[in-house]
Amino acid sequence: MKNYQISEETDLDVVNLALDTIKKEKQALVFVNTKRSAEKEAETISFKTEINDKRLEKISEDVLKVLSRPTKQCERLARCIKKGTAFHHAGLAPKQRELVEDAFRDRLVKIICCTPTLAVGVDLPAFRTILRDLKRFGTHGLNWIPVLEYLQQSGRAGRPKFDKYSESITIAKTKGDKDIIHKIYINGEPEDIYSKLAVEPVLRTYLLSLIATDFVNSRKQIVEFFSKTFWAYQYKDMHQLEIIIDKMLNLLEEWEFIKSSREEFVSADEVEDTNLKPTLLGKRVAELYLDPLTASYFIKCLRRAGNDVVKDFPLLQMVCHTLEMRPLLRTRVKEYAKVEEMLTTYDTYMLDKEPSMYETGYEAFFDSAKTALFMNDWVDERDEEYLMEEYNIRPGEIKAKLDIADWLFYCTEEISKLQQFHEIIKHIKKMRARLKYGAREELLPLLRLKNIGRIRARKLFGNKIKTIGDVSKSDLTKLIQILGKATALNLKKQVGQEVKEVKKNKRKGQKNIEDY
DNA sequence: GGACGGTGAAACTTCAGGTTGCCTC
DNA sequence: GAAGTTTCACCGTCC
């Protein structure tokens, strides 16, 4: 352990450490416990650095171009990057994350303030890691983070190629904290690892896939298989495990994903066994890697829809009320009325049944409706800044939620095919396209064109160009006015009307691109 | 006397992240 | 539980 003094240019420990890192011509990662803190910390440091670099200015500009209209978050990140700092968390648009990571690898950005996003997955070693917060908000207020996480974060320090040694620094806020940090993190042992197989959704999914792939085809084989897993090794009580497995098998059969049949003959030394076979539906659910509970829930909803009219909001709420979509957006007290109103409006169209106020799932149901509300606004062409203000959801989180929704809708589509719910498939296809682009239905024809997103499609639509046919008919001059030259020419090309670029030997009456 | 701006205490709000799947020629 | 943000009372200054 080294002992040295760091110059105190400010009265903020993290800022001093960051400035010291830069002075040493090194880089650091600062780990904090919230997205908001990551942004604030990066900004505070950025006010104190004396970095000016043309390359950083370029990256800063790129960061602003990622969305159709930069949000306040984009602008804040851009300002930080200009000064050689950045923040990094799951709320960043994927492209921005990439820009930040690359800039750090290129040693242009010196300090990244981040949430644990950077502790796992991404390989971004630094000379120094600064762990500002070792406590995080959990079920019982603030808790110390697991030792394993501490190791993950501090382990980001160390670049064998560049440095002879590296540093991981934690900041204690009180003398008491200092002692605790020493005891549990620096001198302590990491926690034991526990098998995730015991978690019901994982077990259900895994059990079904074992049967669906013919890896096992009887109850006995299943028990045998699980007895060899880490789960059984840790759990020790195999009898208890069998009870859990039976419970799951019963559910899978009840949901019609598997069929069981008793064997006719039972030899003297063998115990009774049950044959297990997947149904067609069960096979597909397993292939989709979808939690069987979610699959059976979708089927219930689809049955309820029958041949009735399907509306957007109920469809969105259906996919939001799943384990896959968690964590859901939380409904704040003052928002209850708004959510309630939406639920009342669509009362007769809801595919999912509203639990009574006294049931345990009541709150989750409301949250699923609020999450659906956000998606509904997205397909109503609201932009990222609006969604941030209204729902406190950032671009990166929007993308993640929409991706899950798309996957779940795809699964719904596949299940609908097998269950002969043909009517609803076209609605789902439409909704998937709208979620992808964040657009109203009327823009869908135009969105099939390349290089046309919701912004350009809306511009065209506003100019009475509403279909691909309209694009063909439309005058090139007008298209150029709306979209600019490059895009307009590209569009014409896509509809099979290539405008040749004639540079010389221009005949009378024939126009050059330059003429426009 | 009133508009304005700066300051700081108090009240209020919010709180990490992630894997799976299929394909659009 | 605590950081970060918002709100609001309070005070001084200037016109």
Side-chain angles (χ1 to χ4, degrees), chain A residues 12 14 31-44 72 76 87-92 94 97 113-122 131-146 148-150 152-153 171 173-174 176-177 196-197 199 201-206 208-209 212 283-295 298 319 322-335 388-389 391-394 396-397 399-401 403-415 417 428-429 432-433 436-437 444 447-450 494:
Chain A
L12 302 164
V14 176
F31 285 96
V32 297
N33 63 5
T34 66
K35 300 188 195 78
R36 212 186 337 196
S37 286
E39 297 187 13
K40 181 82 193 320
E41 199 67 75
E43 190 174 59
T44 311
K72 289 194 187 73
R76 202 176 191 189
F87 52 86
H88 189 289
H89 55 60
L92 292 192
R97 276 209 219 186
C113 300
C114 59
T115 58
T117 27
L118 279 189
V120 283
V122 192
L131 314 190
R132 193 195 77 174
D133 304 325
L134 288 175
K135 284 181 186 171
R136 189 183 306 134
F137 184 79
T139 40
H140 312 291
L142 280 192
N143 305 315
W144 291 98
I145 62 169
L148 279 170
E149 271 192 50
Y150 162 83
Q152 273 286 355
Q153 294 183 9
I171 295 173
K173 284 163 187 92
T174 62
D177 279 2
K196 280 240 160 63
L197 203 51
V199 184
V202 179
L203 185 61
R204 284 192 293 254
T205 312
Y206 202 57
L208 180 60
S209 80
K283 271 198 167 174
R284 193 70 190 107
V285 170
E287 278 168 16
L288 292 166
Y289 221 83
L290 185 64
D291 180 351
L293 176 73
T294 304
F298 283 162
V319 293
T322 58
L323 291 178
E324 285 84 347
M325 198 56 84
R326 291 191 184 185
L328 297 170
L329 303 189
R330 276 214 344 264
T331 316
R332 283 168 287 196
V333 179
K334 60 182 177 188
E335 293 168 338
M388 176 68 206
E389 295 294 323
Y391 298 96
N392 192 22
I393 188 168
R394 300 163 179 78
E397 297 158 319
K399 178 81 169 63
K401 286 276 178 273
D403 278 350
I404 297 171
D406 182 63
W407 166 48
L408 291 177
F409 273 129
Y410 173 76
C411 293
T412 314
E413 234 181 284
E414 292 300 296
I415 292 170
K417 280 182 200 163
I428 295 172
K429 278 194 195 298
R432 284 182 69 198
K436 183 174 170 190
Y437 292 102
L444 288 180
L447 290 169
R448 290 166 63 190
L449 293 160
K450 272 186 193 159
Q494 283 187 61

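Labels below follow one simple rule: chain letters A, B, ... track the order of the sequence lines, proteins then strands, and each chain is numbered from 1. The structure displayed is predicted, hence computed values, not measured ones.
- As judged by a 4.0 angstrom heavy-atom cut-off over every strand, A:Arg448 is placed among residues making no nucleic acid contact.
- Nucleotides C:dA2 and B:dG18 place their C1' atoms 26 Å apart, quoted to the nearest Å.
- At a cut-off of 3.5 Å, with distance as the only test, a side-chain donor of A:Arg132 or A:Ser37 sits close to an acceptor on the other residue.
- At whole-Å resolution of the value, CG in A:Leu329 and C1' in B:dC15 are 14 Å apart.
- Remark: A:Thr115 is in phosphate contact with B:dG17, judged by side-chain N or O atoms under 4.0 Å from OP1 or OP2.
- Look at CG on A:Leu92: it is 13 Å from P on B:dA16, rounded to the nearest Å.
- Stacking annotation: A:Phe137 is stacked on the base of B:dC15 (ring centroids less than 5.5 angstrom apart, interplanar angle below 30 degrees).
- Residue whose closest nucleotide on DNA chain B sits further toward the 5' end, between A:Arg284 and A:Pro327: A:Pro327.
- Out of C:dG4, B:dG21, B:dA16, the shortest distance to the side chain of A:Thr34 is found at B:dA16.
- Between the P atom of B:dT14 and the CD atom of A:Glu389 lies a distance of 12 Å, rounded to the nearest Å.
- A:Lys35 comes within 4.0 angstrom of sugar-phosphate atoms only, judged by non-hydrogen atoms across all strands, and of no base.
- Residue-to-nucleotide proximity on DNA chain B shows that, of A:Ala286 and A:Asn33, the 5′-proximal contact is made by A:Asn33.
- Rounded to whole angstrom, the span from the CD atom of A:Gln494 across to the P atom of B:dC25 amounts to 16 Å.
- In this view, A:His88 satisfies the ring pair (Phe, Tyr, Trp, His ring centres under 6.0 Å) rule with no residue, not counting sequence neighbours.
- Between the A:Asn33 side chain and the A:Lys135 main chain, a donor and an acceptor come within less than 3.5 Å of each other.
- For A:Asp177 and C:dA2, the CG to C1' distance is 12 Å, given to the nearest whole Å.
- Under 3.5 Å, the side chain of A:Arg136 and the base of B:dA16 form at least one donor-acceptor pair of N or O atoms.
- Side-chain atoms of A:Glu43 do not come within 3.5 Å of backbone N or O of A:Arg76 as any donor-acceptor pair.
- For A:Arg330, the CZ atom counts as loosely surrounded, since its 6.0 Å shell holds 12 or fewer non-hydrogen atoms of other residues, nucleotides or ligands.
- Of all nucleotides listed (B:dC22, C:dA2, B:dC15), B:dC22 comes nearest to the side chain of A:Tyr410.
- When heavy atoms are screened at a 4.0 angstrom cut-off, A:Asn392 is found touching the sugar-phosphate backbone but no base atom.
- If you check every strand for non-hydrogen atoms under 4.0 Å, A:Lys173 touches sugar and phosphate atoms only.
- Residue A:Ser37 has a polar side-chain atom (N or O) positioned under 4.0 Å from OP1 or OP2 of C:dG4.
- One finds no salt bridge joining A:Arg36 and A:Glu39 here, because no Lys/Arg side-chain nitrogen approaches an Asp/Glu carboxylate oxygen to under 4.0 Å.
- Residue A:Leu142 has its side chain nearest to C:dG1 when only C:dG4, C:dG1, B:dC15 are considered.
- A straight line from CD of A:Glu414 to P of B:dT24 spans 11 Å, rounded to a whole angstrom.
- Listed by chain and residue number, A:Glu413 satisfy the side chain to side chain donor-acceptor pair (under 3.5 Å) test with A:Lys429 (two or more places apart in sequence, or in another chain).
- A:Arg97 comes within 4.0 angstrom of the backbone, heavy atoms only, and of no base.
- Ranking C:dT5, B:dC15, B:dC22 by closeness to the A:Glu287 side chain, first place goes to B:dC22.
- The CZ-P distance, from A:Phe31 to B:dG17, rounds to 12 Å in whole Å.
- Nucleotide C:dC15: paired with B:dG1 (Watson-Crick or G-U wobble, both distances less than 3.5 Å).
- Nucleotides C:dG1 and B:dT20 have their P atoms positioned 37 Å apart, rounded to a whole Å.
- For A:Arg132, counting side-chain heavy atoms from C-beta on, the closest listed nucleotide (C:dA3, B:dC22, B:dG17) is C:dA3.
- In this structure, A:Phe87 places its CZ atom 17 Å from C1' of C:dA3, rounding to the nearest Å.
- Between C:dG4, B:dT14, B:dG21, one nucleotide has an atom nearer to the side chain of A:Tyr289 than all others, and that is B:dG21.
- The listed nucleotides are B:dC15, B:dG21, C:dT5; the one nearest the side chain of A:Asp406 is B:dG21.
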